[in-house]
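Data block below; observations after.
Letters A, B, ... mirror the listed sequences (proteins, then strands); counts begin at 1.
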Amino acid sequence: MAELVSLAEGVARLVRDGDTVALEGFTHLIPVAAGHEIIRQGRRELTLVRMTPDIVYDQLIGAGCARKLVFSWGGNPGVGSLHRFRDAVQHAWPAPLEIEEHSHAGMANRYVAGASGLPFAVLRGYSGTDLPAQTATIKQITCPFTGERLAAVPALNPDVSIIHAQRADRDGNVQLWGLTGVQKEAVLAARRSLITVEEIVDDLTPVPGGMVLPGWALTCVAEVPRGAYPSYAQGYYERDNGYYQDWDAIGRDRDAFTRWVNDHVLAGTTAGGAR
Amino acid sequence: MAELVSLAEGVARLVRDGDTVALEGFTHLIPVAAGHEIIRQGRRELTLVRMTPDIVYDQLIGAGCARKLVFSWGGNPGVGSLHRFRDAVQHAWPAPLEIEEHSHAGMANRYVAGASGLPFAVLRGYSGTDLPAQTATIKQITCPFTGERLAAVPALNPDVSIIHAQRADRDGNVQLWGLTGVQKEAVLAARRSLITVEEIVDDLTPVPGGMVLPGWALTCVAEVPRGAYPSYAQGYYERDNGYYQDWDAIGRDRDAFTRWVNDHVLAGTTAGGAR
Amino acid sequence: MSERNEYSSDEMMSIAAARALTGGRRCFVGIGLPSTAANLARRTHAPDLVLVYESGALGAKPGRLPASIGDGILAETADAVVSVPEVFNYWLQPGRIDVGFLGAAQLDRFGNINTTVIGADYHEPKVRLPGAGGAPEIAASCGEVFVVVRQSRRSFVEQVDFVTSVGHGRAAGDRERLGLRGAGPTLVITDLGVFRPDPETRELVLTELHPGVEVEQVREATGWDLGVAPDLARTPAPTKDELRALRALKEA
Amino acid sequence: MSERNEYSSDEMMSIAAARALTGGRRCFVGIGLPSTAANLARRTHAPDLVLVYESGALGAKPGRLPASIGDGILAETADAVVSVPEVFNYWLQPGRIDVGFLGAAQLDRFGNINTTVIGADYHEPKVRLPGAGGAPEIAASCGEVFVVVRQSRRSFVEQVDFVTSVGHGRAAGDRERLGLRGAGPTLVITDLGVFRPDPETRELVLTELHPGVEVEQVREATGWDLGVAPDLARTPAPTKDELRALRALKEA
């Protein structure tokens, strides 16, 4: 059964220096508060995994938590580039950032293989692109029935996966709904998992389009209201599009970024805005 | 967009002699009425595919519609054996029945590969069993990253897949809930699809645990109330366990079976009992 | 049904099987005898047992015995309902399940299971059985496997006619060699007694006799030269509470 | 906003792109310009256009422009919502989508797309772009691909610095040789005009000029020796209805 913990305790117990860590959420339900807690606890040398690294990964990278990024699309959705990510890749600030780059289809299938206890996944992908030349984790495989050549990618099995969900009950069963992205796969692929939720309730009333992750498949659950802010939690709050726009100017400048981290993350105001 | 048709029209248009046909439904929502319509229309030389061939496949086999069965578990659930299936395998009555036998995990993954447009699927399966020696569609494959040996099975892509669901709207969007088995994969793997539904409604009110198959991914939808009888349709009617028990005596005897088919299927009383 | 403490050998079997399931474990449940035992355990000493059915019900809590592996009550009472591909790929295959609870038409000296054909020739079988279902991968992937089966010389054989699901192969080390994840059959419960694999040879050995059953009777119902554990135990008779719970479950 | 029939080149681009999407087609929609065009089409001449987003929304019918690929309004208005692995594996990969609608940071003479790095060295890029996202498999698997991009010598290049998503490779036959399912980019819409691949060489050729734009202007914004179709057409100017619908969509 999943253990109910505080966010600080969950991160302290589950995320270790040098770990491979996935924080997943496809625009919706991004575990931003957990990312900030990782910055506060000063984790280092993390291999960060995420299909769509966006602002919270820009913050983790800028704060020096990461040594490597495994991803398929890194940007500020609807706004533009991630300047901390760019600065790390182009100028090794604050530290060099190794990258392992896939497509969404490849990353999604890597999580599927991880969740399935398989060492690899097969897909129609990457053919003719320049990605296989840069990414050692893209290979080819031959169908034993047809002889056709397809792409193979290795399973992703993070040391810890972190997601945010709407609700959990007191047994640690977790319920999420709306766009649920690749969260189930990310959690099931991981050795350990931390799920932050908007609220802990007595009963998980079934919701159309909802999914329940049984508590017995999870490690820790933490109640973190607004834990996905500035992304959104369907049924709880909307996305703060202004935060994403404002981030562009903050992320663009090393000093502005450092001030922002000090004021909004290290000072502990987890739910604070970008401004 | 799926076309709304009668059951007779749907079967006449989509199921042809010699086709590979999957009728799926895992205990729940078995498309029995469609199976009876196939018997009535006298289809021959079908390759019948189904993870759990049960009474309706016993009836199709006994009625001489099939030349081959691709399956993983053939029985009368909760009662015992399928005697028409046994008679066909053991005594070639009414015709020889070729079999291609897998495990559930293998069959499920064959549908997944079919739905995914891949030629094969990979699983941890069959190792050490006598199945690979009898089933040519079980091979081995080597992980290009770890060197590990795993099982490979080819995609299933039926000419037509038939399922039963609770509801459809007038655009042919189909909604089902409860145990949804492998129905989505069976439909998406097929070249053509026929979905029978309990009722056609104006709006598909969302249901917890429900799934919608968009009409644009389907071929034909037919309103067939009680079309899953004697299996059950959650929210509509219960399983008739007595029918399953009574089937044992009917199916056991060639004459009793022939009389039953004449009286209950060929005479057109699709919703009739086994008795 | 009588309230006296009388019981059938089938009831003893179900109760002995239920006792083997302890709390909080995740159990992949086959239909029939395993389902009866697993539900009995959940309703008596192991209320937090997690029942997983191949129909896609995770954590089902049926208030009565399900009539089939896909009974609607499983979906209605489950923590979560998933597709059949998902239950095999995301839940069984990676080793998330502690105990696989299976039945068998034939079981051999090394706990290998046959549910495919009786007779030496697959293409001309004496009896065509239902086939594999989920069993091969349940037997391969669960932490351990419990088998519950009515015992006779027909069901308890020297060597199965067809290996549908691997138990211990033909010797210690076979499972590892085949890349099978779990420990295989660690417990076989019949209407006569309880069997466990010898730690050295992996051959099934009689370790418990049900009340009123003698060793000779078990040997007569066994198709190989049966070994008996030196510390052979007696299964405690069903308690009134166990019998009451079992009968209530079957009548509900 | 003025009701007079004035419009920006971006509006012309979005409207020209929308016009290319005809009714009932299934369209895999990238965020930004493609999403604007696809939603405009659905709200004007193609109400039964099926919009599929990589976030898992199948048949989304947003009443306003989604702010991101995973805007909640997509899930709320969709025919069905599926997981991200499922949208790629069950819906995109098997060829169920008619049109993939993509943007690009760099697009070359053969319609190949770069959204990865600007500069010759992947490890020391001049500019690190967001990366592939869903584009490589969208470009590979859809029946055909439409690209919408603001045109300049920086974006319209002889050869992309990095092939993130394959258009027509370097010649006719390249897609077939690579095993790519669809026809590739059949239409490129910019703020200056419309381009289609030459049937022989697969090189993008100017086939339509937007109102008020001259060929020389397009050549100046193109990084290769641009071919012009013999039957070069003029894009009809946006109608009042089109402009009204586009502006309503953006303001909603």
Side-chain angles (χ1 to χ4, degrees), chain A residues 25-28 51-53 71-78 80-82 85-90 99 101-109 111-112 115 123-131 133-134 148-150 177-185 209 211 231-232 234-235 238-239 241 244, chain D residues 31-32 53-57 66-72 74-76 80-89 92-94 112 114-117 122-141 160-166 169 174-175 177-181:
Chain A
F26 207 88
T27 308
H28 182 211
M51 290 181 66
T52 52
F71 77 111
S72 40
W73 190 90
N76 182 343
S81 291
L82 295 178
F85 164 56
R86 274 195 176 184
D87 204 11
V89 170
Q90 296 175 213
I99 59 174
E101 187 164 8
H102 279 264
S103 68
H104 277 354
M107 284 291 283
N109 278 293
Y111 279 123
V112 168
L123 72 154
R124 296 185 185 280
Y126 302 107
S127 183
T129 76
D130 287 338
L131 281 161
Q134 301 301 339
E148 202 178 344
R149 303 279 284 169
L150 297 123
W177 64 89
L179 297 170
T180 54
V182 74
Q183 279 97 312
K184 177 187 276 190
E185 288 76 13
M211 163 200 299
S231 81
Y232 71 106
Q234 196 169 315
E238 299 285 316
R239 188 172 190 261
N241 293 317
Y244 285 80
Chain D
I31 205 62
Y53 284 83
E54 66 191 17
S55 55
S68 76
I69 209 98
D71 194 313
L74 298 174
E76 287 158 18
V81 177
V82 300
S83 73
V84 165
E86 182 178 325
V87 78
F88 284 104
N89 289 347
L92 177 64
Q93 183 168 261
N112 303 299
N114 175 16
T115 54
T116 304
V117 286
Y122 174 80
H123 292 286
E124 305 264 341
K126 271 190 227 152
V127 183
R128 174 66 231 194
L129 300 168
E137 286 78 24
I138 296 172
S141 301
V160 287
D161 293 344
F162 190 99
V163 179
T164 312
S165 307
V166 178
D174 274 6
R175 287 189 66 89
R177 188 178 51 73
L178 292 166
L180 304 179
R181 181 186 294 274

Pairwise distance CG(Leu123(A)) to CZ(Phe88(D)) - rounded to 0.5 angstrom: 10.5 Å

What residue in Ala80(D), Ala75(D), Gly169(D) has the most heavy-atom pairs under 4.5 Å with chain A? Ala75(D)

Which bit of Val82(D) comes within less than 4.5 Å of chain A, counting heavy atoms only: side chain, backbone, both or neither? neither

If I measure from the heavy atoms of chain A, does Asn89(D) come under 4.5 Å with its side chain, its backbone, both, or neither? side chain

With rounding to the nearest 0.5 angstrom, report the OG1 to OH distance, Thr164(D) to Tyr126(A). 12.5 Å

Side chain / backbone / both / neither for Ala140(D) at chain A, heavy atoms under 4.5 Å: neither

I'd like to know which of Leu131(A), Thr180(A), Leu150(A) tops the heavy-atom pair count under 4.5 Å against chain D. Leu131(A)

So what's closer than 4.5 Å to chain A heavy atoms on Leu180(D): side chain, backbone, both or neither? side chain

Between Arg239(A) and Ser68(D), is a side-chain contact (heavy atoms from CB on, under 4.5 Å) present by the stated rule, with each step listed? CA-CA 10 Å; Arg239(A) 188 172 190 261; Ser68(D) 76; 4.2 Å; yes

Considering only heavy atoms, which portion of Phe71(A) lies under 4.5 Å from any heavy atom of chain D: side chain, backbone, both, or neither? side chain

What part of Ser55(D) gets within 4.5 angstrom of chain A, counting heavy atoms only: side chain, backbone, both, or neither? both

Counting only non-hydrogen atoms closer than 4.5 Å, does Met51(A) touch chain D with its backbone (N, CA, C, O), its side chain (CB onward), both, or neither? side chain

Most chain D-contacting option - heavy-atom pairs closer than 4.5 Å, from Gly75(A), Ser103(A), Gly178(A): Ser103(A)

Are the side chains of Arg86(A) and Val127(D) in contact, using a 4.5 Å heavy-atom criterion? yes

Which heavy atom of Leu179(A) sits nearest to which heavy atom of Ala57(D), and what is that distance? CD2-N, 4.3 Å

Can you tell if the side chain of Thr129(A) reaches within under 4.5 Å of the side chain of Val166(D), non-hydrogen atoms only? yes

Let's test your reading of the structure: which of Ser231(A), Gly78(A), Ser127(A) forms the most heavy-atom pairs below 4.5 Å with chain D? Ser127(A)

Quick check: do Tyr232(A) and Asp71(D) have side-chain heavy atoms less than 4.5 Å from each other? no

Could you have a look at His28(A), Arg124(A), Gln134(A) and say which one has the most heavy-atom pairs with chain D under 4.5 angstrom? Gln134(A)

Closest heavy-atom pair, Pro125(D) versus Gln90(A), reported as atoms and distance to 0.1 Å, is O-CG, 3.9 Å

What part of Tyr122(D) lies closer than 4.5 angstrom to a heavy atom of chain A: side chain, backbone, both or neither? side chain

Provide the closest heavy-atom pair for Pro85(D) versus Glu185(A) in the form atom of the first, atom of the second, distance. CG-CD, 3.8 Å

What part of Glu137(D) is in contact with chain A, defined as an atom under 4.5 angstrom from a non-hydrogen atom: side chain, backbone, both or neither? side chain

Taking side chain as everything from C-beta outward and backbone as N, CA, C, O, which of these in Glu76(D) sits under 4.5 Å from a heavy atom of chain A? Side chain, backbone, both or neither. side chain

Less than 4.5 Å to any heavy atom of chain D: does that hold for the side chain of Val182(A), its backbone, both, or neither? both

Has Glu238(A) got more than 12 heavy atoms of other residues, nucleotides or ligands less than 6.0 Å from its CD? no

Under a 4.5 Å heavy-atom cutoff, which of Gly70(D), Ala132(D), Pro130(D), Ala67(D) has the most pairs with chain A? Pro130(D)

Atom group of Arg181(D) that falls short of 4.5 Å from chain A, counting heavy atoms: side chain

Comparing Gly106(A), Gly128(A), Pro53(A), Gly209(A) against chain D, the one with the most heavy-atom pairs below 4.5 Å turns out to be Gly128(A)

What distance do Leu92(D) atom CG and His104(A) atom NE2 have between them, rounded to the nearest 0.5 Å? 11.5 Å

